[in-house]
There are 2 protein chains.
Amino acid sequence: MQGITGQELSSKKAEYLKYIHMQGDVVKTTEIAACFSVAPSTVTKALTEIAKAGYIEHTPYHGVSLTPHGAEYARFLIRRHRLVALILSRHGLEPEEACREARKIEQCFSKDLTDRMCTSLGHPMMSVCGEIEHDHRCCGSHGDRS
Amino acid sequence: MQGITGQELSSKKAEYLKYIHMQGDVVKTTEIAACFSVAPSTVTKALTEIAKAGYIEHTPYHGVSLTPHGAEYARFLIRRHRLVALILSRHGLEPEEACREARKIEQCFSKDLTDRMCTSLGHPMMSVCGEIEHDHRCCGSHGDRS
DNA sequence: TCAAAGTTTGGTAGGTATCTAAATTTTTCT
DNA sequence: AGAAAAATTTAGATACCTACCAAACTTTGA
């Protein structure tokens with residue numbers, strides 16, 4: 001919970017987790033494979049590891065769903081993505097480009113760095129690719145750091 | 001020359017190249033190994049590959065030196081590093097932190113993205129960790145794109 | 001129930017980085 | 001010069017990451 005560094009998952013796995021979060025409920029392996037254009041077995045392997053790390057519940061042949069921890073982590077990943085995209089858009093990139101480039105670089109940004117940039121930007125509500133959710137203790141936005 | 005993408009070298013190799021550039025002349029394997037706290041053999045292997053890619057001249061048992069191409073590439077790497085650090089410093093990080101964090105994320109920034117951010121920042125002369133050199137055609141700063 | 005669809009297992013492959021130990025070359029010192 | 005010491009390279013391993021395929025397996029739905 002409080003121990004997020006932002007590098008727990010490889011970038012591909014993080015992408016899978018974000019995708020699962022955005023799909024909501026139970027997600028099938030094949031669906032993910034199709035979306036990312038990789039073989040289903042590649043996804044299964046990644047999913048198994050993500051499950052082992054505690055972010056998802058994997059019921060073979062039925063799909064995966066987020067654990068509470070996974071949901072929290074996914075929210076962080078999405079917030080980070082949107083913050084990075086926002087910063088890029090403020091440096092001359094068109095919205096779509098900003099979102100695309102953000103996907104390439106976001107995995108390098110630690111939780112701490114993300115939170116500090118968030119603060120520095122004044123906890124913006126909107127990015128170029130969606131709303132930015134600022135939950136409770138996300139980055140001191142609501143002063144409950146005690 | 002014109003084909004820099006920014007991802008030609010892995011981040012470790014890029015660090016070595018920057019180091020070699022900053023040391024000037026001929027650099028010894030052991031010196032690099034000590035600086036990065038890795039075994040000399042690790043450096044030798046990396047150096048061999050960097051040399052194969054044409055960025056350095058490696059004379060076994062005597063050290064390495066930059067080729068003209070390597071020098072140009074190193075200048076890009078350093079400019080990119082300083083631009084990224086500058087941006088981070090403008091988002092609430094102290095100079096030293098900005099430099100340290102920049103080292104972690106800079107390898108993700110393409111040449112194109114770097115140039116655009118450079119333009120957007122108005123081709124700044126100074127960053128938090130040194131001057132930023134804007135050579136001839138670096139990013140359209142001197143209008144000689146033809 | 002049985003075939004098609006979907007999923008997992010196990011093996012292969014390429015990339016990065018690292019280390020230890022042994023062999024080689026260079027340097028230093030007597 | 002010659003030998004010991006230091007520096008460097010090579011070889012052989014390990015360890016991760018990503019990705020893929022073929023074959024075996026499970027589920028689903030007609």
Side-chain angles (χ1 to χ4, degrees), chain A residues 5-20 23 25-66 73 77 100 103-110, chain B residues 5-20 23 25-66 70 73 77 103-110:
Chain A
T5 67
Q7 270 75 48
E8 287 80 357
L9 296 178
S10 69
S11 70
K12 274 291 173 189
K13 287 176 190 162
E15 288 296 317
Y16 295 158
L17 195 69
K18 279 196 287 183
Y19 179 80
I20 294 165
Q23 294 304 305
D25 220 37
V26 172
V27 184
K28 302 296 208 64
T29 299
T30 311
E31 188 186 336
I32 298 173
C35 175
F36 290 90
S37 302
V38 298
S41 58
T42 301
V43 175
T44 299
K45 194 162 278 184
L47 254 26
T48 302
E49 290 161 0
I50 299 171
K52 198 175 300 175
Y55 298 99
I56 57 177
E57 200 74 56
H58 185 199
T59 309
Y61 299 104
H62 290 284
V64 295
S65 59
L66 293 174
Y73 196 71
L77 294 176
R100 182 161 20 86
R103 215 169 295 126
K104 294 190 209 161
I105 70 178
E106 65 197 42
Q107 74 282 351
C108 297
F109 292 71
S110 68
Chain B
T5 67
Q7 270 74 48
E8 288 79 357
L9 296 178
S10 67
S11 69
K12 274 291 173 190
K13 286 176 190 159
E15 288 297 316
Y16 295 158
L17 195 69
K18 280 195 287 182
Y19 180 80
I20 294 164
Q23 294 304 305
D25 220 36
V26 172
V27 184
K28 301 297 207 66
T29 298
T30 309
E31 188 185 335
I32 298 173
C35 176
F36 290 90
S37 301
V38 297
S41 60
T42 301
V43 175
T44 299
K45 191 164 278 183
L47 254 27
T48 301
E49 290 161 0
I50 299 172
K52 199 176 300 174
Y55 299 99
I56 57 176
E57 199 75 55
H58 184 201
T59 310
Y61 299 103
H62 289 282
V64 295
S65 59
L66 293 173
Y73 197 70
L77 293 177
R103 215 169 295 127
K104 295 190 208 161
I105 69 178
E106 66 197 42
Q107 75 282 353
C108 298
F109 292 71
S110 68

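Numbers restart at 1 for each chain; the letters A, B, ... are given by sequence-line order, proteins then strands.
As rounded to whole Å, 15 Å separates atom C1' of D/dA19 from atom CG of A/Leu47. Between B/Glu8 atom CD and C/dG15 atom P there is a gap of 16 Å when expressed in whole angstrom units. Between A/Ile32 atom CD1 and D/dA19 atom P the separation is 13 Å, expressed in whole Å. Protein atom CD1 of B/Ile50 is 11 Å distant from nucleotide atom P of C/dT16, rounded to whole Å. When rounded to the nearest whole Å, the span between NZ of B/Lys28 and P of C/dT26 equals 11 Å. Taking atom CD of residue A/Gln107 and atom P of nucleotide D/dC17, one finds them 14 Å apart after rounding to whole Å. In this structure, CZ of B/Phe36 is placed 13 Å from P of C/dC19, rounded to the nearest angstrom. In this entry the distance linking CD of B/Glu15 with P of C/dA17 reads 11 Å, nearest Å.
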Going by atom type alone, with no hydrogens or angles, which donor-acceptor pairs under 3.5 Å involve a side-chain atom of residues 49-63 of chain B and a protein atom two or more places apart or on another chain?
from: B/Glu49; atom 1: OE1; to: B/Lys13; atom 2: NZ; distance (Å): 2.8

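Using a 4.5 Å heavy-atom threshold, the side chains of A/Val43 and A/Phe36 count as separate. Residues B/Tyr16 and B/Val64 have side chains not in contact (no heavy-atom distance under 4.5 Å, counting atoms from C-beta outward). For the pair A/Val38 and A/Ile32, the minimum side-chain heavy-atom distance is 4.5 Å or more. Side-chain contact between B/Glu15 and B/Arg103: present, with at least one pair of heavy atoms (C-beta onward) separated by less than 4.5 Å. A/Ile105 places none of its side-chain heavy atoms less than 4.5 Å from the side chain of B/Ile105.
As judged by a 4.0 angstrom heavy-atom cut-off over every strand, A/Thr59 is placed among residues making no nucleic acid contact.
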Nucleotide by nucleotide, nucleotides 21-30 of chain D touches protein heavy atoms under 4.0 Å in the pattern (B base, S sugar-phosphate only, - none) BB--BSSS--

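With distances taken from any side-chain atom of B/Thr44 to the nucleotides C/dT8, D/dT10, C/dT18, the minimum falls on D/dT10. Taking only side-chain atoms of B/Thr29, from C-beta outward, the nucleotide of C/dA17, C/dC19, D/dT9 with the closest atom is D/dT9.
Remark: side-chain polar atoms of A/Gln7 are paired, donor with acceptor, to backbone N or O of A/Gln107 under 3.5 angstrom.
Between A/Lys12 and the phosphate of D/dA19, there is a side-chain N or O to OP1/OP2 separation shorter than 4.0 Å.
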